[in-house]
Amino acid sequence: MNLFNEFAKDLRVILDDLAANGELPAGLDLSKVTVEPPRDASHGDLSTNAALVLAKQAGRKPREIADLLVARLQGLADVTSVEIAGPGFVNLRLSDDTWRQRVGDILVAGVTYGNSSVGAGTAVNIEYVSANPTGPLHAAHARGAVVGDALASLLEKAGYTVTREYYINDAGAQVEVLGRSTYLRYREALGETVAEVPAGMYPGEYLKDVAADLVERDGSKWLDAPESEWLPAIRDFAIERILIGIKEDLAALGVRKQIFSSERALIASGAVEDAYQSLIDQDLIYQGVLEPPKGKKPDDWEPRPQTLFRATQFGDDVDRPLKKSDGSWTYFANDIAYHLDKFRRGSSVLIDVLGADHGGYVKRMQAATTAVTGGQGTLDAKICQLVHLLQNGEPVKMSKRAGTFVTLRDVIDQVGRDVVRFIMLTRRNDQTLEFDFAKVTEQSKDNPVFYVQYAHARCHSVLRHASAAAPERNLGPDVLAATAALSRLEAPEELALIKLMANWPRIIESAAQAHEAHRIAFYLYDLAAAFHGLWNKGKDDTTMRFLLEEDPELTTARLALIKAVSIVIASGLGVMGVEPVEELRG
RNA sequence: GGACCCGUAGCUCAGCUGGAUAGAGCGCUGCCCUCCGAAGGCAGAGGUCGUACGUUCGAAUCGUAUCGGGUCCGCCA
């Protein structure tokens, strides 16, 4: 349960009551009223801005409203003090027992602690990775993959119904190039010498493997065939082969997709015509000529009439072309159909996780989504900034032209999947991120992965010690919840740790609503820091240690606390897709 | 020329969708220490939140302008 929501409900009842009594005007807009933990703990446990927010509407001074609230809030169970502070905040303190009860809640709930129903089952479709099937995933794809996957898990935990989707760009010029590039390697595999891969072709070594498999399946049957025959066959073979590799790489990263949508299948189904017709029906299509982009001079610019979508009516900067000069659809047109398809399959909230180079694409896609769903669907685009790969502070050299790029698989093999997943969430998605192979595997406080895992492992270490000391005892969470005398948890550090854990459901809800999975990583870091701090207390002050032979009752209470910490950490790591470890071995 | 993202402590970054005296880690300074399980601990200094207006009871957060860095810009996907 979310304690803050509970008090928000209580507050709402009080406000309604005051309105009914005529002490406040009826019909106040309460949408901006919040109940939050104050930033500064010395202000209390809970704080509400109600008096400030309502003052203007009610035509009263903030303090007058605050006085009304104080009188009522004092009557609530669990509230030990209420005071007015600053410009009109109302700060509450709750009894320590109220907080201690959260430990019991956590033990009983296990890793489902923090689960919420704010999502109310709203269907969300989240599309991520969606790399072109022209080569294996490389390191840069890791970020989008992790951000998308963690966001999906976060939304599920917050009560949304989530579809994890991958859009296969298997139509268009790039897969044609793939087909030709594969053909080149195919001829090579059959004995021809290829001095150099021509410019514009994919030079990667991986196509040699694809070609070898093709030879195994088809022998030399394509050597003398016309291009019109070999191209579609070889192209499709290559796409299929590469897609298998991509799926394996995603699996290695722990990313599970429910749906792979093919662009080509979408086109074949007539979905693009369908979407196009819908835009025509809304009078959003016209033939027009675009202005050339200023400042940047395309060499071969000449004004041409094009089939344009009125994106400017929905906040975009210019209207966007839907057809190429040869009459085929632009990528954008296909993508409109794809987004409509996702909407029609039941998701009104669409999320695209995209790379930094797609930043300029967002407005038009949002415009199109609004248009084609009649305003019923919304699109949020999460743009992932670049990842800089470093080795001890030195940039890792990569050359796309030479085909020497670091693959996702390389990264996973080097540092492990959990490290990749955690590090990718240690920055906001729209902030560039440095990934240093040396630092991310370091066992030190500088490394957040280690720091958080270490906290979890420490919890289990203490529990193992307790078990070893008394093998007959049952330290299961249910038993601890039922038997621990939580009132013995009196130290300020212990209560602070409990309050931090009580915040977990709030973190889930706010992070889910903001579509920001990185907040989980930061929260876990804070929680780990609080736990390590408590541990360190025991160094100087032996009465603060967890295991106290002379005081079994307090020991049990502390074991309950520690178990709760490990549960919350495991719950958070679960959202991130990271396996919590119970032991660290160098 | 335009669009989007970023600009917060010496460095790397948070900042809970507008709240109270802006936080953390590293680095720096000064003490302490060798531990139930292995990153040593504690304390301190350090910021006109790029700049200027504006909206608001209240702005790092919203708006406008401007400077600096990045990404991108008609039939590539």
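Chain naming here is simple, since letters A, B, ... match the order of the sequence lines and numbering starts at 1 in each.
Regarding contacts with the backbone of rA14(B), a side-chain N or O of Gln431(A) is found under 4.0 angstrom from either OP1 or OP2. An OP1 or OP2 oxygen of rC33(B) is reached within less than 4.0 angstrom by no side-chain nitrogen or oxygen of Lys539(A). Neither OP1 nor OP2 of rC16(B) sits under 4.0 Å from any side-chain N or O of Arg39(A). Side-chain N/O atoms of Arg519(A) include none lying less than 4.0 angstrom from OP1 or OP2 on rA14(B). Close to rC57(B), at under 4.0 Å from its OP1 or OP2, lies no side-chain N or O of Arg63(A).
Ion pair Asp45(A)/Lys499(A) flagged as a salt bridge, since at least one NZ, NE, NH1 or NH2 atom sits closer than 4.0 Å to an Asp/Glu carboxylate oxygen. Ion pair Lys342(A)/Glu165(A) not flagged as a salt bridge, since none of the NZ, NE, NH1 or NH2 atoms sits closer than 4.0 Å to an Asp/Glu carboxylate oxygen.
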Residues Tyr454(A), His532(A); criterion ring pair (Phe, Tyr, Trp, His ring centres under 6.0 Å); working and verdict: CA-CA 9 Å; Tyr454(A) 188 31; His532(A) 288 309; 5.5 Å; yes
Intermediate values then yes/no, salt bridge (Lys or Arg N to Asp or Glu O under 4.0 Å), Asp326(A) and Lys324(A): CA-CA 5 Å; Asp326(A) 67 359; Lys324(A) 303 179 191 175; 6.0 Å; no
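Of the listed nucleotides (rG7(B), rC16(B), rC36(B)), rC16(B) has the atom at the smallest distance from the side chain of Ser510(A). For Gln385(A), the listed nucleotide lying nearest its side chain is rC5(B); candidates were rC5(B), rC36(B), rG74(B). Residue His518(A) places its side chain closer to rA14(B) than to any other of rA14(B), rU17(B), rC57(B).
Residue-level contact check: Pro87(A) touches the bases, meaning some heavy atom is under 4.0 Å from a base atom. Among the heavy atoms of the strands, none lies under 4.0 Å from Phe332(A).
Side chain Thr330(A) to base rA77(B): no donor-acceptor pair is found below 3.5 Å.
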